[in-house]
Novice: 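Handing you a structure now.
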Number of protein chains: 4
Amino acid sequence: MAKKTGEKYHAIIDAAIKVIAKNGYHNSQVTKIARMAKVADGTIYLYFDNKDDILISLFRTKMSEFVERVRQEMELVKTVEEKLYQLIYMHFKQFALDPDLAIVTQIELRQSNREIREGIGVTLKKYHQLIEELVQLGIEKEKFHKKIDIRLIRQMIFGILDETVTSWVMKDMKYDLLGLVQPVYFLVINGVSDKGEEEVTYEFKESKSRI
Amino acid sequence: MAKKTGEKYHAIIDAAIKVIAKNGYHNSQVTKIARMAKVADGTIYLYFDNKDDILISLFRTKMSEFVERVRQEMELVKTVEEKLYQLIYMHFKQFALDPDLAIVTQIELRQSNREIREGIGVTLKKYHQLIEELVQLGIEKEKFHKKIDIRLIRQMIFGILDETVTSWVMKDMKYDLLGLVQPVYFLVINGVSDKGEEEVTYEFKESKSRI
Amino acid sequence: MAKKTGEKYHAIIDAAIKVIAKNGYHNSQVTKIARMAKVADGTIYLYFDNKDDILISLFRTKMSEFVERVRQEMELVKTVEEKLYQLIYMHFKQFALDPDLAIVTQIELRQSNREIREGIGVTLKKYHQLIEELVQLGIEKEKFHKKIDIRLIRQMIFGILDETVTSWVMKDMKYDLLGLVQPVYFLVINGVSDKGEEEVTYEFKESKSRI
Amino acid sequence: MAKKTGEKYHAIIDAAIKVIAKNGYHNSQVTKIARMAKVADGTIYLYFDNKDDILISLFRTKMSEFVERVRQEMELVKTVEEKLYQLIYMHFKQFALDPDLAIVTQIELRQSNREIREGIGVTLKKYHQLIEELVQLGIEKEKFHKKIDIRLIRQMIFGILDETVTSWVMKDMKYDLLGLVQPVYFLVINGVSDKGEEEVTYEFKESKSRI
DNA sequence: TATGAATGAGGATTCATTCAT
DNA sequence: CATGAATGAATCCTCATTCAT
């Protein structure tokens, strides 16, 4: 029913990002978004099914573009290491360039309801897949440890990227996020590297804890 | 004003966890929590200032116990590696033993409003500090790379722990979370290890991307 | 302003009947009627002043035709009894032949607002007049009791006709409405007949009720 | 969930009748009803599930009392004719005594939606049954024509009663409704009588009713 | 004449919190 | 200490109507 294209569609999404970043999710009424987008309240509903749909569409639209740009950049370089570096760099760069979007995706969208988060989940999976493809390539090229579950490595990579951006937003973006590209790259590449001759010598003892 | 002790105080917190885990954050009205705790609605307000205070107190209480248990277990072992292992093990174990709490902290509480999340943030910092102390120790013992920012390593460790638990909850806890202790340990220890002679040879080119 | 003639005028009225019969009064938006009539929303307003005007015009148009047909049929027969029979027969027949119109006039239009029902009332009066003319004739011919108020007899006749059709519609038109022509005719003719010499012997006591 | 008893329950119903009679159904907001009943908007929802439920409950409550009073009065007299007379008398009297209720049931409630009218239908059936019981008795006592369908006679009786009251309301209650008891009685009794060889000799006396 | 995208006023309902008992 | 009935502010969405094309 809702027409998901056109100038106003994008105007409403951009307005929603601004309003939510400024006022927080729970204080972003439809009326506020409409006013920011310079359309009538009712016009919102020509382009979105309901308020939740604005948020889901917002995330879907921005995240798709995001993933697409990361994928393109990753294709421009050849080695696994370079691709990983591009991933981290692009991830941080995009949020650094759009602080409002960073606030919305890292903070405000997480307090939305189950339906929204499920709508978001679908889009997020595409990003997860992109990362998993990289991990797969790393294992094939014998750069990454082949014994570790791909999904787990993806979670590790995504977890550190996400946590790093969230911390940066929480600290009011007071430092340069892009300055963390190299150390994060180092942490990740070190963590997943297959260094051949090395061995894990630590004997894991069973925990004595009784909770 | 609110008396934050007593049998009913804890009954209300436990009721809140059950209700939120079952119904989701946005469908957990004060009346439902009161009914589950077998007290009157008004009684809630003898023990908590407002609804947000229930959630913040809930997180504070549970997280403090959580951090305390982790700290105690970490003190039982000596080496940095063992301590790290205990941290990961305890982190996963506590959520594995209390699925309701896992749902609440990993999913539902994240959709609360800014005030609650700030209240939570204060408590979370204690956990962050615990991790940072471990990192500091690792650097002093020359087990961890000394050139990487402590806070960044903490973010990496916390990020992967958090993302791993969240993914496990999102997958309806269908697999054994404790089975991930060892691979996660491996990823982390590899990532932060100072292996001496190695060198990073990859030349980072500036990204040509134009966003 | 509104041009109340033309092909589209009638197309819109017919569309309105279909849409209202199918969806119910409160779920029959202008857009739906326009779509059914294969015109644009705005076109509606070239032919009707507003939405209410569609409904009033609908009723007026259909009811005028209705009354006219009844009148013509009644003129074809001579006796008062025959005319009464024709009235009942035509009343039932027209609704039996147009179920959608029956639903709209007996059910849906009654839940319209005061203005519409007043607009309808004007048209209904013509039907009332037709019935009253019949009653007048009956009295003149000394077939009907002359002492009963004409308007009351008309109400009685209209009441039973209307209630009979409404009940039939409410029962999903599961039985043959025309099968009721004869018994209804009998009830009415019996009720209004002047049998001359008769006397009422029943003594009405004052009611003892205290409400 | 909604508690359908108590002082406020009845206060809200009485307020709803006044407000709807005065403003019309579509201009009777919940806030207006609450104000008239001297309760808060939210209090309405402690006693009623939703706005429709107010109307259904209103009709159910009033109609049940109504039917019960009619039934009681009918039991006080013995003959079928007397019972019929009481039915007509009580029907008119109750509306004559409560003009607001008359407006609501005859006019405003008919423009409510399908759900409400279905809720009303259940209650209305009890009245229909009462009338049908009378008709059944009349046939057994050989006062009414045994060949006419009971339901049809009931429709005829209800139809004329309902139409008479509706017409009276539409004419702004400018004349004495109780003055119509006797002529309506006459119309009905004549219509349904099995006279065999007998003849009706009833002299219409002027109504003595003074409301 | 005809279109249909845009408008914006209007209302039922929820639920955290209070306070008389 | 405890109760729970009562409160009332706050908001998403619908849809009749307009008007630039």
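Chain naming here is simple, since letters A, B, ... match the order of the sequence lines and numbering starts at 1 in each.
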Novice: Figure out the CD1/P separation between A:Ile44 and E:dA9, and round it to whole Å.
Specialist: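 Result: 15 Å.
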Novice: Closest nucleotide of DNA chain F for C:Asn27 versus for A:Ser28: which of these residues is on the 5' side?
Specialist: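 The residue mapped nearer the 5' terminus is A:Ser28.
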Novice: What is the minimum heavy-atom distance between B:Ile33 and B:Ile12, and which atoms define it?
Specialist: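 Closest pair (atom of B:Ile33, atom of B:Ile12, distance): CG2-O, 3.9 Å.
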Novice: Between atom CD in D:Gln29 and atom C1' in E:dA9, what is the gap in whole Å?
Specialist: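 It works out to 13 Å between those atoms.
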Novice: For C:Asp41 and F:dT14, what is the distance between atoms CG and C1' respectively, to the nearest whole Å?
Specialist: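 In whole Å, F:dT14 C1' and C:Asp41 CG are 14 Å from each other.
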Novice: Check the distance between F:dT14's C1' and C:Tyr25's OH and give it to me in whole angstrom.
Specialist: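 To the nearest whole Å, that distance equals 15 Å.
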Novice: Could you write out DNA chain F as a dot-bracket string, with dots for unpaired bases, | for bases paired across to another strand, and Watson-Crick or G-U pairs counted at under 3.5 Å?
Specialist: .||||||||||||||||||||
Novice: Atom NZ of B:Lys38 to atom P of F:dA2: distance rounded to whole Å?
Specialist: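 Value for this atom pair: 16 Å.
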Novice: Mind checking if B:Lys8 touches a base, just sugar-phosphate, or nothing, with heavy atoms under 4.0 Å?
Specialist: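 Here B:Lys8 touches the backbone only, sparing every base.
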Novice: Here's a test of your reading of the structure: between A:Ala40 and B:Gly42, which maps to the more 5' nucleotide of DNA chain E?
Specialist: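 Nearest-nucleotide comparison on DNA chain E picks A:Ala40.
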Novice: Could you go through the side chain to side chain contact (heavy atoms under 4.5 Å, CB included) check for A:Met36 and A:Asp14 one step at a time?
Specialist: CA-CA 9 Å; A:Met36 177 70 81; A:Asp14 289 341; over 6 Å; no
Novice: Which whole-number value in Å describes the distance from C:Tyr9 OH to E:dA2 P?
Specialist: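 These atoms are roughly 15 Å apart.
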Novice: Which of parallel (below 30°), tilted (30 to 60°) and perpendicular (above 60°) describes C:Phe48 and C:Tyr9?
Specialist: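 Ring orientation of C:Phe48 relative to C:Tyr9: parallel.
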Novice: Please tell me which of the listed nucleotides, E:dT3, E:dT13, E:dG11, lies nearest to the side chain of D:Val30?
Specialist: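 Of the options given, the side chain of D:Val30 lies nearest E:dT13.
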Novice: Could you grab the distance from atom CD1 of D:Ile44 to atom NZ of D:Lys8, nearest 0.5 Å is fine?
Specialist: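 Taking CD1 in D:Ile44 and NZ in D:Lys8, the distance rounds to 11.0 Å.
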Novice: Under 4.0 Å between a side-chain N/O of B:Tyr45 and OP1 or OP2 of F:dT3, yes or no?
Specialist: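 Answer no for this pair, as no side-chain N or O of B:Tyr45 is under 4.0 Å from OP1 or OP2.
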Novice: Side chains of C:Thr31 and C:Asp41: is there a donor and an acceptor less than 3.5 Å apart?
Specialist: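 The answer is yes; a qualifying pair exists.
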Novice: For D:Phe48, which contact category applies under a 4.0 Å heavy-atom criterion: base, sugar-phosphate, or nothing?
Specialist: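 Nothing: the residue D:Phe48, judged by heavy atoms under 4.0 Å, touches no strand.
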Novice: Look at atom NZ of B:Lys4 and say whether more than 12 heavy atoms of other residues, nucleotides or ligands are closer to it than 6.0 Å.
Specialist: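 Correct, the count exceeds 12.
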Novice: So, does C:Lys32 get its side chain near the phosphate of F:dC15, meaning an N or O under 4.0 Å from OP1 or OP2?
Specialist: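 Negative; the distance criterion is not met.
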Novice: What is the distance, rounded to the nearest whole Å, between atom CG of C:Asp49 and atom P of F:dT18?
Specialist: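 To the nearest whole Å, that distance equals 10 Å.
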Novice: Given atom CG of C:Leu46 and atom P of F:dT18, what is their separation to the nearest angstrom?
Specialist: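 After rounding, the reported distance stands at 11 Å.
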Novice: What side-chain donor-acceptor pairs closer than 3.5 Å can you find for residues 58-66 of chain A, not counting sequence neighbours?
Specialist:
residue, atom, partner, partner atom, Å
A:Thr61, OG1, A:Ser57, O, 2.8
A:Ser64, OG, A:Arg60, O, 2.7

Novice: Reckon A:Thr43 has a side-chain N or O less than 4.0 Å from the OP1 or OP2 of E:dT7?
Specialist: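 For A:Thr43, the contact criterion (side-chain N or O under 4.0 Å from OP1 or OP2 of E:dT7) is met.
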